[in-house]
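What follows is a set of notes on a single structure, which appears directly below.
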Amino acid sequence: MKQDKKKYNPQAIEKKWAKRWVEEKTFSPDLEKAKNPYYALFMFPYPSAEGLHIGNFYAFTCVDVMAKYKKLRGFDVFEPVGWDAFGIHSENYALKIGETPGKMLERTIANFSEQIKSAGLSCDWEKEINTTSPEYYKWTQWIFIQLFARGLAYQKESYLNWCPSCKTVLADEQIEGGTCERCKSAPEKRKMKQWFFKITAYAERLLEGLEKMDWSEITKSAQRNWIGKSEGANIKFKVVDSVEEFEIFTTRPDTLFGCTYCVLSPEHDLTQKIVSKEQRLKVEEYIKKAGAKSDLERKENKEKTGVFSGAYAINPVNQEKVPIWIADYVLAGYGFGAIMAVPAHDERDWEFAQKFNLPIKYVILLDDKKKRMLDDRNKENADSWILQLDKNEKKWWWKENYCYTEDGALFNSGGYNGLSSQEARKKIVQWLEKNNLGKKETNYKLRDWCISRQRYWGPPIPIIYCEKCGTVAVPEKDLPVKLPELEIGWEPSGDGRGPLAKVENFMATNCPKCGGKAQREADVTDNFLDSAWYFFRYISSMNKEKIFDEKLAKKWFPIDLYVGGNEHAVLHLMYTRFITMAFHDLGLIDFDDPFKKFRANGMILKDGKKMSKSKGNVINPEEYREKVGYDALKSYILFLGPLGEDRSFSDRGILGTKNWAEKVYNLLEKVKDTEEKKAVLQKLHKTIQGVEMDMKNQKYNTAIAKLMEMTNLLTKEEKISKSVFEKFVIISAVFLPALAEEIWERLGHNESIFDQKWPEYDSSLASEEKIELVVQINGKVRDKIIADADVNEEIAKKLAITSAKIEKYIIGKDIKKIIFVKGKLINLVVK
RNA sequence: GCCGAAGUGGCGGAAUUGGUAGACGCACACGACUCAAAAUCGUGCGGGAGCAAUCCCAUGAGAGUUCGAGUCUCUCCUUCGGCACCA
């Protein structure tokens, strides 16, 4: 019986402390008075009915260990928690189980919060938020009207992604690999009038900001690709025998002389105006067909199609007359939806010209090196080059049947012949600008954020349509526009309007300007808007006057550490940056980017495979609490490898951290009144130093390894002094919080271990007195000699050449050179 | 195709950033305890040669720089992530 009491019982210990931490508000800082703020944030969860999963657990823990470490280092740590509960995800699930989302969430949030509370995280439950509460979404709507007032929220009609299953439009960011991010069905193209946020106005700032931020490279690169900056020029083309003209965007103005035709997208405004009588029927038929194609069809079938418009344009640089074609390989949404085609030096134009027998004109010469490179790539055609000798330099161009996009030297280009592509780009654009025929321009792939959703479960868009006054924002004093609590009729209708459109007492209102009868907007905002600003609300979750307190924001922002899944790289993370920049421009804050440091946590694989319900290899955290306890589970996840990489979880492997926790627990018995051995003290101080360094670099895995080493050393000791053990327990508390807290109490302390000070290491103890001096001959290790740590070159040399093992390598040879690395090695270069 | 990250024992991964490759853990083997098993503790554990001391090979492949390369440079291969008819 007594035996049992002494046994490590993680479940009981963890339960006890998790409860006490919440009750005693151990981790609730005073935001106003805090002197040394540290804001640690994990992506707030969507409270799914399945409950906490291992991915949540991983991301939360990555933040949590840093929070605990910083708290021990004397910071006022704020690690808030809340619920991202609006949105299609919740609503679809509610539809599936036939319950209203509101009722369902009451239950799932209660469950989820119990789970997080029992996980022993240092969350501040005082500041909990929920995006579906009117106190929260009042401010989501407030953001909308602020952006509306500044022209950053606007309505426009355009072709949008319509998800037939979710029955709503989606933002471009929510189409992943051509399908709906939520339900994986193929979206249709629909022309609709919708609300947009002008994120494109921030394209350059979003891109530039990336340079300064401490974010995972993988995330930054995803954002860069999504923003898709390209520099080039706009060029005007006049239409022959017409007053019309159109502009094109190109990144290769140096190839302007090689333009042999132009292409307009089927949606281009000009097509109707310029089409010739003979071609009209064909053109109209083509436009109709192209319009019916979904993005997915386009993606799958990249075969070029198109039709001649019957009209011609004038190349501004050489007055050549070139045909204008209509083709859907030119996209309406990018640039002007019109291009100059240079088939010799653009692969898409090349393909099109081949198919429709359009002329090809080479204007770029390549040097020998580039020619050889292309020859290697394209061996079967390697004999079609034409040689041109230019100032004794060999230059080449292709005779036929090939297209190359490399930069080179210009020819067939009038006064620009001989210039490099780079120079020619500058000169040609200068000439165009001087003659008002074009200008330098930068384009981005990023498009404005469509935020209307034809759904029920979101904040209603705070807009009123008045016959007299037009589109009017709901005044701030009337916020929030409450989402009516519907028992029935909240399902998406699919008719292009949100279900609120049918709720008469919601829709009917008065115009805030003229007081006359008016209608509300029936759509709600995108769920990603709720989550684009939640971290601002945490610091003022109770504030009724303001979205957040500016003084507190100044103190607590930018956020010190943010961790979450990289699947949000271009969704959530881009939107948060945009909203933060907008806040900056509203004068609310003085910074542009909300997260100083972001780390993407990788995925957890089970035995090397992706987890999925169908495979039955899903890791349920609660199951492992039963088996090994949360302290061991969390440590194991972190121990598996460096942050940001995928990691393979195995049932056997987890025993490693379980054993570790148990060993630490068992050390308690050895605490005696005793003098500490020097070797133990040295290891302790080295461990403190090492853990500090690893935490600084967020190398949790090696920090744990160092603590394990210390544990192994202590396990071998008969007696451990209390002072050494206490220090060791404090530094272990970062990874084994409940266990450490329990030990701390048993050592006779009343206050929480997390209110203790991190022990300072003594650098004289942390560094070695004796080292193993490595002796190399010509860079190969030949001997290791124990020497004083501060041994100098002279003595090291003596030690080396008098070593018996070294003798045979230097006998009869000259020592040409000696390389000495202090505290490490001496290398004798002999011949 | 373009951009980014990565490739080290049977496995997850270390390596103070150019200085002892394989820390720590898992698995495995042997030993101690036990009537026995589990648990625990101890020892070993990249490959090859040798009784041994020791020597050779080895960080995806190949070259290079260097006294010295897992780390830097170039070329190539593979895997993963992002973008993709974006002019």
Side-chain angles (χ1 to χ4, degrees), chain A residues 176-177 216-230 232 248-252 255 263 298-299 301-304 327-331 333-342 346-349 351-352 405 443-447 566-567 569-570 600 602-603 605 607-608 635-636 639-642 644-657 659-660 662-663 666 689-690 693-694 697 699 701-709 711-712 715-716 772-784 805 816-821 823-830:
Chain A
E176 284 174 356
S216 328
E217 195 49 45
I218 191 172
T219 315
K220 287 196 200 182
S221 131
Q223 290 210 352
R224 265 185 223 115
N225 285 332
W226 187 260
I227 295 167
K229 179 178 182 172
S230 50
I248 61 100
F249 172 74
T250 179
T251 53
R252 294 293 302 274
T255 63
V263 186
R298 272 199 190 194
K299 212 164 241 173
N301 186 10
K302 284 190 180 171
E303 176 86 22
K304 297 276 180 299
D328 69 358
Y329 83 91
V330 173
L331 306 174
Y334 185 76
F336 298 98
I339 61 156
M340 69 173 197
V342 184
D346 181 285
E347 279 174 29
R348 296 148 301 181
D349 299 342
E351 238 180 84
F352 192 79
T405 56
N443 253 302
Y444 302 88
K445 283 194 261 187
L446 182 70
R447 294 189 211 172
N566 204 47
E567 68 272 18
V570 292
M603 253 190 318
L605 310 172
D607 304 315
S635 298
Y636 178 60
F639 183 63
L640 273 174
E645 281 168 31
D646 292 350
R647 50 202 54 208
S648 184
F649 186 105
S650 83
D651 284 356
R652 277 181 180 170
I654 197 169
L655 295 175
T657 48
N659 288 344
W660 174 48
E662 209 163 300
K663 276 187 194 173
N666 291 336
Q689 186 188 29
M693 222 170 63
D694 286 341
N697 300 318
K699 295 172 78 173
N701 53 337
T702 51
I704 292 171
K706 288 181 175 103
L707 290 168
M708 284 175 168
E709 279 184 55
T711 308
N712 291 343
T715 303
K716 285 182 186 137
E772 228 180 5
L773 182 74
V774 171
V775 184
Q776 294 184 337
I777 303 294
N778 293 339
K780 290 200 170 186
V781 181
R782 295 303 180 186
D783 196 12
K784 295 166 189 176
K805 283 181 189 166
K816 293 267 179 201
K817 199 173 167 187
I818 293 176
I819 289 107
F820 177 70
V821 182
K824 286 245 165 67
L825 63 78
I826 183 163
N827 183 13
L828 309 177
V829 184
V830 302

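Lettering follows sequence order; numbering is per chain, from 1.
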Spacing of the C1' atoms in G60(B) and G70(B) (rounded, Å):
12 Å
Go along nucleotides 21-31 of chain B 5' to 3' and tag each nucleotide: B for a protein heavy atom under 4.0 Å from its base, S when only backbone or sugar atoms are that close, - otherwise.
--BBSSS----
For T715(A) and for G228(A), locate the closest nucleotide of RNA chain B by heavy-atom distance; then report the residue assigned to the nucleotide nearer the 5' terminus.
T715(A)
So S230(A), base contact, sugar-phosphate only, or nothing? Heavy-atom distance under 4.0 Å.
sugar-phosphate
What nitrogen or oxygen pairs link the protein and nucleotides 81-85 of chain B at under 3.5 Å?
residue	atom	partner	partner atom	Å
G82(B)	N2	N225(A)	ND2	3.3
G82(B)	N3	N225(A)	ND2	3.0
C83(B)	O2'	K445(A)	NZ	2.9
C85(B)	O3'	R348(A)	NH1	3.0
C85(B)	O2'	Y329(A)	O	2.7
C85(B)	O2	K304(A)	NZ	2.3

May I ask you to decide if P642(A)'s main-chain N or O and R647(A)'s side chain share a donor-acceptor pair within less than 3.5 Å?
yes
Checking all strands, does R782(A) fall into the base, sugar-phosphate, or nothing category for heavy-atom contacts under 4.0 angstrom?
sugar-phosphate
Rounded off to whole Å, could you give me the CG-to-C1' distance for the N666(A) and U40(B) pair?
10 Å
Checking side chain to side chain contact (heavy atoms under 4.5 Å, CB included) for the pair T657(A)/I654(A): CA distance, chi angles, key distance, verdict?
CA-CA 6 Å; T657(A) 48; I654(A) 197 169; 4.2 Å; yes
Syn/anti state of G44(B) by chi, 90° boundary around 0
anti
Pairs counted only when both distances fall under 3.5 Å, Watson-Crick or G-U: show me the 5' to 3' dot-bracket for RNA chain B, [ ] for pseudoknotted crossings and | for other-strand partners.
(((((((..(((......[....))).(((((.......))))).((((....))))..(((((..]....))))))))))))....
Take the protein atom CG of L828(A) and the nucleotide atom P of G19(B), then report the distance between them rounded to whole Å.
19 Å
Atom CG of L640(A) and atom OG of S635(A): how far apart are they, to the nearest 0.5 Å?
11.0 Å
Rounded distance in Å between the P positions of A61(B) and C77(B)
15 Å
In the structure I gave you, are the side-chain heavy atoms of M708(A) and F639(A) within less than 4.5 Å of one another anywhere?
yes
Could you walk me through whether D646(A) and M603(A) pass side chain to side chain contact (heavy atoms under 4.5 Å, CB included), step by step?
CA-CA 5 Å; D646(A) 292 350; M603(A) 253 190 318; 3.5 Å; yes
Under the rule syn = chi within 90° of 0, otherwise anti, which is U17(B)?
syn
Quote, to the nearest angstrom, the C1' distance that separates G44(B) from G82(B).
46 Å
So that I can tick it off, tell me whether D694(A) and K706(A) are bridged by a salt bridge, with the cut-off set at under 4.0 angstrom between side-chain N and carboxylate O.
yes
Can you tell me how far the CD1 atom of I339(A) sits from the CD1 atom of I248(A), to the nearest 0.5 Å?
8.0 Å
When we call it a touch if two heavy atoms are under 4.0 Å apart, what does L640(A) touch: a base, just sugar-phosphate, or nothing?
sugar-phosphate
Taking only the C1' atom of each, what is the distance from G46(B) to A14(B) in whole angstrom?
15 Å
N827(A) side-chain proximity, nearest of C56(B), G42(B), C67(B)
C67(B)
Which nucleotide sits closest to the side chain of K699(A): A15(B), U20(B), A87(B)?
A15(B)
Looking only at side-chain N and O atoms, does K780(A) come under 4.0 Å of OP1 or OP2 in C57(B)?
yes
Atom C1', compared across U65(B) and U75(B): separation rounded to whole Å
15 Å
Atom CG of D783(A) and atom P of G68(B): how far apart are they, to the nearest Å?
20 Å
L825(A) CG to A69(B) P, straight-line distance once rounded to whole Å:
13 Å
Nearest heavy-atom pair of L331(A) and D328(A): which atoms, and what distance?
CD2-O, 4.3 Å
What integer distance in Å separates D346(A):CG from A87(B):P?
9 Å
If the P atom of C24(B) is compared with that of C74(B), how far apart are they to the nearest Å?
36 Å
For the residue pair T219(A) and N566(A), confirm or rule out a side-chain donor-acceptor distance under 3.5 Å.
yes
Show, in sequence, the C-alpha distance, side-chain angles and deciding distance for M340(A) and T255(A), and conclude whether the side chain to side chain contact (heavy atoms under 4.5 Å, CB included) test is met.
CA-CA 10 Å; M340(A) 69 173 197; T255(A) 63; 3.6 Å; yes
Rounding to an integer number of Å, can you tell me how far K824(A) NZ sits from A15(B) P?
14 Å
Side-chain heavy-atom pair Q776(A), I819(A) within 4.5 angstrom cut-off
no
Of the nucleotides U54(B), G42(B), U20(B), which has the atom closest to the K716(A) side chain?
G42(B)
Between G9(B) and A29(B) - C1' atom distance, rounded Å:
16 Å
Nearest-nucleotide wise, let me know which of T251(A) and S648(A) is further upstream toward the 5' end of RNA chain B.
S648(A)
K229(A) NZ to A87(B) C1': how many Å, rounded?
17 Å
Can you tell me how far apart CG (N827(A)) and CD1 (I777(A)) are? Round to the nearest 0.5 Å.
7.5 Å
Less than 3.5 Å apart, any donor N or O on the side chain of N712(A) or K663(A) sitting next to an acceptor on the other?
yes
For D646(A), answer base if it contacts any base atom (sugar-phosphate contacts may also be present), sugar-phosphate if it contacts only those atoms, and nothing otherwise; contact means non-hydrogen atoms under 4.0 Å.
sugar-phosphate
K784(A) side chain N/O closer than 4.0 Å to the phosphate oxygens (OP1, OP2) of U20(B)?
no
Mind checking the C1' distance from U20(B) to G68(B)? Whole angstroms is fine.
12 Å
Between C1' on A6(B) and CZ on R647(A), what's the gap in Å once rounded to a whole number?
15 Å
Which of parallel (below 30°), tilted (30 to 60°) and perpendicular (above 60°) describes Y636(A) and F649(A)?
perpendicular
